[in-house]
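Order of the sequence lines fixes the chain letters, A, B, ..., with proteins taken first and strands second; residue numbering starts at 1 for each chain.
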Number of protein chains: 2
Amino acid sequence: MKTIEQLLESKNIRVTAMRLLIYKFLAEKQVAVTLSDIENAFEKADRTTLYRTVKTFEEKAIVHQIDDGTGITKYALCEKGCNCEIETDLHLHFHCNNCNVTICLTEHKIPQIKVPDGFISEDINLVIKGVCDKCSGL
Amino acid sequence: MKTIEQLLESKNIRVTAMRLLIYKFLAEKQVAVTLSDIENAFEKADRTTLYRTVKTFEEKAIVHQIDDGTGITKYALCEKGCNCEIETDLHLHFHCNNCNVTICLTEHKIPQIKVPDGFISEDINLVIKGVCDKCSGL
DNA sequence: TTATAAATGCACTTCCGTTGCATTGTATTT
DNA sequence: AAATACAATGCAACGGAAGTGCATTTATAA
């Protein structure tokens, strides 16, 4: 079991208090969060710091960005089964129109999709919108 | 063959010069356009008018909105084979990372995707990013 | 301990989407 | 045709989110 410190070091990122806190925050959340969410959780910290921290995490493949169609970028930790950098391993996301939550369906892989001749597929973004299990009551 | 005037009237939208121009602009373009694109094409017109015109078109299912992950909303005409309002008929979009163009692949339908128990799928957004036929040179 | 570089905080900017309100234009009724 | 009603347009402004420049603080290395 890797500690967060070890993880950051393995990615060549300096271990700072802020980064540990943000990492822990993301790890606790089971859903994708916006920058505002992080802002609200750390009111003492500056927006820019949070912004740049998340950007650093993204570059180092610690978090991945999610575009769920709400117009606001969300972020979620890359963990067990999430190898965002590998195209064939992309998972999909679910956005609840009711509670506005976005979650990673890491176990659901995106099916191979044929593109027309001449087109080269590099990345796929698949977001399903609807009602989540908590809201549907099923 | 319906004229644009007839189309607008059939959707209960008043026929105005602006709307005819914007419709023609969208029809000429083979790709999805941003509001800025339209703005640049009609510099005499006000941003708000263009914005509201497109929104009207969207409500009346004349255009559909595309979220290609660039963070900027794009719009494209709904035509032959595009029945956006019907979930099972959703087509996918391709975004070229090179020339930044987004096109509708109307002939490519989104495969049925199973969601976990308790989740209800209402809408699906699928964007493939890569290199388009014009840029790939294939 | 000092030098070096990265991380943080503050201020500010830009871009896009959106709304309120006054004005112009279009359609309808008498 | 004139008056009325309502929709479309234009202008101004707001708000949120993303992003940048620079000074300051903090951490790492020499």
Using nucleotides 22-27 of chain C, report all nitrogen or oxygen pairs with the protein that are shorter than 3.5 Å.
none

Polar pairs (N or O, both sides) under 3.5 Å between protein and nucleotides 16-20 of chain C?
unit_1: dG17(C); atom_1: OP1; unit_2: Thr73(B); atom_2: N; d: 3.2
unit_1: dG17(C); atom_1: OP1; unit_2: Thr73(B); atom_2: OG1; d: 3.2
unit_1: dG17(C); atom_1: N7; unit_2: Arg47(B); atom_2: NH2; d: 2.7
unit_1: dG17(C); atom_1: O6; unit_2: Arg47(B); atom_2: NH2; d: 3.4
unit_1: dT18(C); atom_1: OP2; unit_2: Tyr51(B); atom_2: OH; d: 2.8
unit_1: dT18(C); atom_1: O5'; unit_2: Tyr51(B); atom_2: OH; d: 2.9
unit_1: dG20(C); atom_1: O6; unit_2: Arg52(B); atom_2: NH2; d: 2.9

Pairs: protein N or O with nucleotides 23-25 of chain D N or O, under 3.5 Å:
none

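The 12-atom threshold is exceeded at CG of Asn40(A), counting heavy atoms of other residues, nucleotides or ligands nearer than 6.0 Å.
Straight-line distance from the CG atom of Asp68(A) to the C1' atom of dA17(D): 14 Å, rounded to whole Å. Computed from coordinates, the Arg19(A) CZ to dT28(D) C1' distance equals 13 Å when rounded to whole Å. Atom pair Glu58(A):CD and dA18(D):P shows a separation of 11 Å (rounding to whole Å applied). If you measure from atom CG of Asn12(A) to atom P of dA7(C), you get 11 Å, rounded to the nearest angstrom. Between Asp37(A) atom CG and dG16(D) atom P the separation is 15 Å, expressed in whole Å. Rounded to whole angstrom, the span from the CD atom of Glu43(A) across to the P atom of dG9(C) amounts to 14 Å. Atom CG of Asp46(A) is separated from atom P of dC10(C) by 6 Å (rounded to the nearest Å). A straight line from CZ of Phe57(B) to P of dA7(D) spans 17 Å, rounded to a whole angstrom.
Atom CG of Asp67(A) sits about 5.5 Å away from atom CG of Asn125(A), to the nearest 0.5 Å.
A centroid separation of 6.0 Å or more is found between the aromatic rings of Phe57(A) and Tyr75(A).
The shortest side-chain heavy-atom distance between Gln65(B) and Lys55(B) falls under the 4.5 Å cut-off. Within the 4.5 Å cutoff, no side-chain heavy atoms of Tyr23(B) are placed close to those of Ile13(B). Looking at heavy atoms from C-beta onward, Leu50(A) lies out of side-chain contact with Val54(A) at the 4.5 angstrom threshold. With a 4.5 Å cut-off on side-chain heavy atoms, Leu126(B) and Ile124(A) count as touching. Asp68(A) has its side chain out of reach of His93(A): every pair of non-hydrogen atoms, C-beta onward, lies at least 4.5 Å apart.
With hydrogens and angles disregarded, a donor-acceptor distance shorter than 3.5 Å links the side chain of Lys11(B) to the backbone of Lys60(B). Put simply, the side chain of Lys134(B) never gets that close to the backbone of Val131(B): no donor and acceptor are under 3.5 Å apart.
Among the protein residues, Thr34(A) comes within range of no part of the nucleic acid, since none of its heavy atoms lies under 4.0 Å from any strand.
No side-chain donor from either of Ser136(B) and Asp133(B) sits under 3.5 Å from a side-chain acceptor of the other.
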